[in-house]
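Just so it is clear: chains get the letters A, B, ... in the order the sequence lines come, proteins before strands, and each one is counted from 1.
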Amino acid sequence: MKKKTFYITTPIYYPSDKLHIGHSYCTVATDVMARYKRMRGFDVMFLTGTDEHGQKIEEKAAAAGVTPQEYVDNIVAGIKKLWQLMNISNDRFVRTTDDYHVESVQKIFKELYDRGEIYKGSYKGKYCTPCESFWTESQLVNGKCPDCGRDVKDAEEEAYFFRLSKYADRLMKFYYEENPTFIEPVSRLNEMVNNFIKPGLEDLCVSRTTFTWGIPVTFDPGHIVYVWVDALSNYITALGYGNEKYHDYEKYWPADVHFVGKEITRFHTIIWPAMLMALELPLPKKVFGHGWLLLEGGKMSKSKGNVVDPVVLCERYGVDAIRYFLLREFPFGSDGVFSNEALITRINADLANDLGNLVSRTLSMGERYFGQLVPQDRRFITPDEQLVAMLDNVREQYSNLMETFTFQSALAEVFKVISRANKYIDETEPWVLGKNSDETDRLAAVIYNLLETIRICATLLVPFMPDACNKIFAQLGCPADECGYEKAIYYANTGYCINKKENLFPRIDLKKELELLEQHKAEKTAKAAPVAPPPCNKTSEEPKVEGVISIDDFMSVKLIVAKIADCVPVPKSDKLLQLALDDGSGKSRQVVSGIHAWYEPEALIGKKVAIVANLKPAKLRGVMSEGMILATDIGDAARVLFIDDAIPCGARIR
RNA sequence: GGCGGCUUAGCUCAGUUGGCUAGAGCAUUCGGUUCAUACCCGAAGUGUCAUAGGUUCAAAUCCUAUAGCCGCUACCA
């Protein structure tokens, strides 16, 4: 009989930098699920990989003075090493620079084009003639070419578009009728529908000519396949769709679940299904958007310099402890706050005190009273029943929760049993039984029950902590290959051969360890400082007072005086005004402001206002805005803060 | 601005379709035990279940409003 298959994926990670604990979180969760399904007898395909193309990689490589390929090879080697360290059991690792992937993507792109799902259109933007470069509005710096700073002119560029818009109805039908559990958690479904589907989907630009590091469009030189088709299709190219490298597309597709970060659920629940519809291929069964690991300061990000390095943690506390912590501490669908203190507290309480200590005390009593072998002559009595009842039920409770990716609760069920076993020792007092030779058969039963508890729990914990559990099996004297899921019930094993070794999870000195980690972090940021331009994290060591900022924080906002030289409404907009400002620089500054409801252009021209001069430029309704006019709200109305005409344009406000 | 979500013990959170004195873990205090990794077991708790109304025999659980926080998004900038 053929085994049932289970295909599970992580996102393919972008190798522009080293990965942090957040990436580990997703990959460990996927690994646990893959191991669990293998344990349940499934033929599992577990895929992870890297998304290696794009402009950012191209730039990073140039900055590092290497080719893009050299750059990604280096980073990817580190990623593979990390997964090895973290005991990730992926069956395949796809790189978007792999030949077979490139070949498949080119075929898919052509196929979509031939089917009329991709059409050639034009993409409006700006062109810098001297640089021969095409830029989008958002790439311009102060409306000028970001390379040379010269003026740019309107231009249209050819690009390919995918007919995403025509799939809105089919997607809605798919979400609500064909596969109501496609998107999880469900709150994400609402976001997708309300924010994207209902307002109307737009066709998607799927090619670029602004960079070269990517997969060329075979039938149109100069065009590069943009990330959507390139990256998303990894889930099928890695099974051999459109290539001869692998041959198990038929076997594993459609995927049982894509685990993705919540920030990319949109791509996986709208664009990816639409692409597959266009190709007339089956859709994945489920997309699960998991939460983020936050730090006390907020989101983890390289620019904040607050990333947590999984390698350091694994080396210090062991891979299994980290894997356990990640899935025990945080509900998989929501965000969680990561802290070293929570990590160590969790390891001590659950792994050292409860599980590790249970193994330790059970085995040393077993050895003390019986040597290695627990006598077969055992007297079971009524007080055993509570523990045994839990052993009879835990496997099912656990698997019900695992099937819905509720790892946190699945682990909690197992640890309830571990706790009960510790209590059982207190109740039965084996050390008293051990003093009375008439009680040997009773003592044998107690020790046996404890060994059964440990064996069953360890079996269920294997997906989370493979190494530690195998060590437990070794110390129990029952071969790991005889500790499968089907044996995770009471009385499935009757003989034990105790062989106690060193403790599984040493207790950690919380205070000492926190100091060490802090020190480690300080050294690291000190080392990193010369490389990275000192960004906004310079005050991170100072105690932060809530609601209070430093003078430096304030001075980072550049407020200046400017005169409104001209003002017109933004076309097709009812709230926006487009202002031409004299900011004293000699050049005109364009700012868009949402105040048309309260001010007519004529009322503003000639007035002086305060503006934020160093605000990141943004495009509003297609018009560039290089700053912000200061205003205040009175009730529902906005009032602009006008400045005394005697103050010159460009004057700094502080 | 729109849509969605959250607000429960000092901390982190559970609380199924409204129903017995609102729970768990961690931390705290006290007691027990000694097999064990200064561990384990037991006990004690503290809660205006964000605020104000409403529906109901009965609401943490449903409805309305308000406040704070968060997510996505936008003609915020």
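- Counting non-hydrogen atoms under 4.0 angstrom, A:L363 reaches nothing in the nucleic acid.
- Look at CZ on A:F196: it is 13 Å from C1' on B:rG2, rounded to the nearest Å.
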Pairs: protein N or O with nucleotides 5-10 of chain B N or O, under 3.5 Å:
none

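- At the heavy-atom level, A:S409 lies nowhere under 4.0 Å from the strands shown.
- In this structure, A:P506 reaches the bases: a heavy-atom distance under 4.0 Å links it to at least one base atom across the strands shown.
- Remark: A:N393 pairs with no residue by the side-chain hydrogen bond (donor to acceptor under 3.5 Å, both in side chains) rule, at least two apart or across chains.
- A:K416 places its NZ atom 11 Å from the C1' atom of B:rG23, with the value rounded to the nearest Å.
- The CD atom of A:E329 sits 18 Å away from the P atom of B:rA24 (whole-angstrom rounding).
- By the neighbour-count criterion of 12 heavy atoms within 6.0 Å, atom NZ of A:K563 is sparsely surrounded, having that number or fewer from other residues, nucleotides or ligands.
- The residue A:S419 sits close only to the backbone: its heavy atoms come under 4.0 Å of sugar-phosphate atoms, none of a base.
- A:I347 places its CD1 atom 17 Å from the C1' atom of B:rC39, with the value rounded to the nearest Å.
- A:V592 comes within 4.0 angstrom of sugar-phosphate atoms only, judged by non-hydrogen atoms across all strands, and of no base.
- For A:F415 and B:rU12, the CZ to C1' distance is 17 Å, given to the nearest whole Å.
- Taking the C1' atom of each, B:rU56 and B:rC63 are spaced 12 Å apart, rounded to whole Å.
- Atom pair A:R266:CZ and B:rC72:P shows a separation of 11 Å (rounding to whole Å applied).
- Judged as a side-chain contact (heavy atoms from CB on, under 4.5 Å), and not counting sequence neighbours, the contacts of A:A421 are A:L358, A:L387, A:L450, A:T453.
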Filtered N/O pairs between nucleotides 69-71 of chain B and protein, under 3.5 Å:
residue: B:rG71; atom: O2'; partner: A:R188; partner atom: NH1; Å: 3.4

Tell me, what's RNA chain B's dot-bracket, Watson-Crick or G-U with both distances under 3.5 Å, | for other-strand, [ ] crossing? (((((((..((((.....[...)))).(((((.......))))).....(((((..]....))))))))))))....

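- At a threshold of 4.0 angstrom between heavy atoms, the contacts of A:N357 include nucleobase atoms, whether or not backbone atoms are also involved.
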CA sep, side-chain torsions, deciding dist, call: A:R589, A:I611, side chain to side chain contact (heavy atoms under 4.5 Å, CB included): CA-CA 11 Å; A:R589 176 191 284 263; A:I611 67 166; 3.7 Å; yes

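- For A:M402, the side-chain contact (heavy atoms from CB on, under 4.5 Å) criterion is met by A:V32, A:Y36, A:Y398, A:F407, A:A410, A:F464, not counting sequence neighbours.
- The aromatic rings of A:Y167 and A:F162 lie parallel to each other, their planes meeting at an angle below 30°, with 60° marking the opposite boundary.
- Judged as a side-chain contact (heavy atoms from CB on, under 4.5 Å), and not counting sequence neighbours, A:D169 has no contacts.
- Counting non-hydrogen atoms under 4.0 angstrom, A:F505 reaches a base of the nucleic acid.
- The list of ring-ring contact (aromatic ring centres under 6.0 Å, His included) pairs with a residue in residues 417-438 of chain A, not counting sequence neighbours, is empty.
- Under the ring pair (Phe, Tyr, Trp, His ring centres under 6.0 Å) criterion, A:F325 pairs with A:F330, A:F338, not counting sequence neighbours.
- For A:D384 and A:R442, the salt-bridge test passes: some basic side-chain N is under 4.0 Å from an acidic carboxylate O.
- Residues satisfying the side-chain contact (heavy atoms from CB on, under 4.5 Å) test with A:N179, not counting sequence neighbours, are A:F174, A:T181, A:F182.
- In this structure, NZ of A:K501 is placed 18 Å from C1' of B:rU37, rounded to the nearest angstrom.
- Following rounding to the nearest Å, A:Q475 (CD) and B:rA36 (C1') show an atom-to-atom distance of 13 Å.
- Taking a 6.0 Å sphere around CD of A:E263, one finds it holds more than 12 heavy atoms contributed by other residues, nucleotides or ligands.
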Nucleotide N/O of nucleotides 25-35 of chain B paired with protein N/O under 3.5 Å:
residue: B:rC35; atom: O3'; partner: A:R368; partner atom: NH2; Å: 3.3
residue: B:rC35; atom: O2'; partner: A:S364; partner atom: OG; Å: 3.4
residue: B:rC35; atom: O2; partner: A:R361; partner atom: NE; Å: 3.1
residue: B:rC35; atom: N3; partner: A:R361; partner atom: NE; Å: 3.3
residue: B:rC35; atom: N3; partner: A:R361; partner atom: NH2; Å: 2.5
residue: B:rC35; atom: N4; partner: A:R361; partner atom: NH2; Å: 3.0

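- With ring centers used as reference points, A:H290 lies 6.0 Å or more from A:F405.
- The 5' end of RNA chain B is approached more closely, in terms of each residue's nearest nucleotide, by A:L358 than by the other of A:N353 and A:L358.
- Annotation: ring pair (Phe, Tyr, Trp, His ring centres under 6.0 Å) contacts of A:F415 (sequence neighbours excluded): A:Y324.
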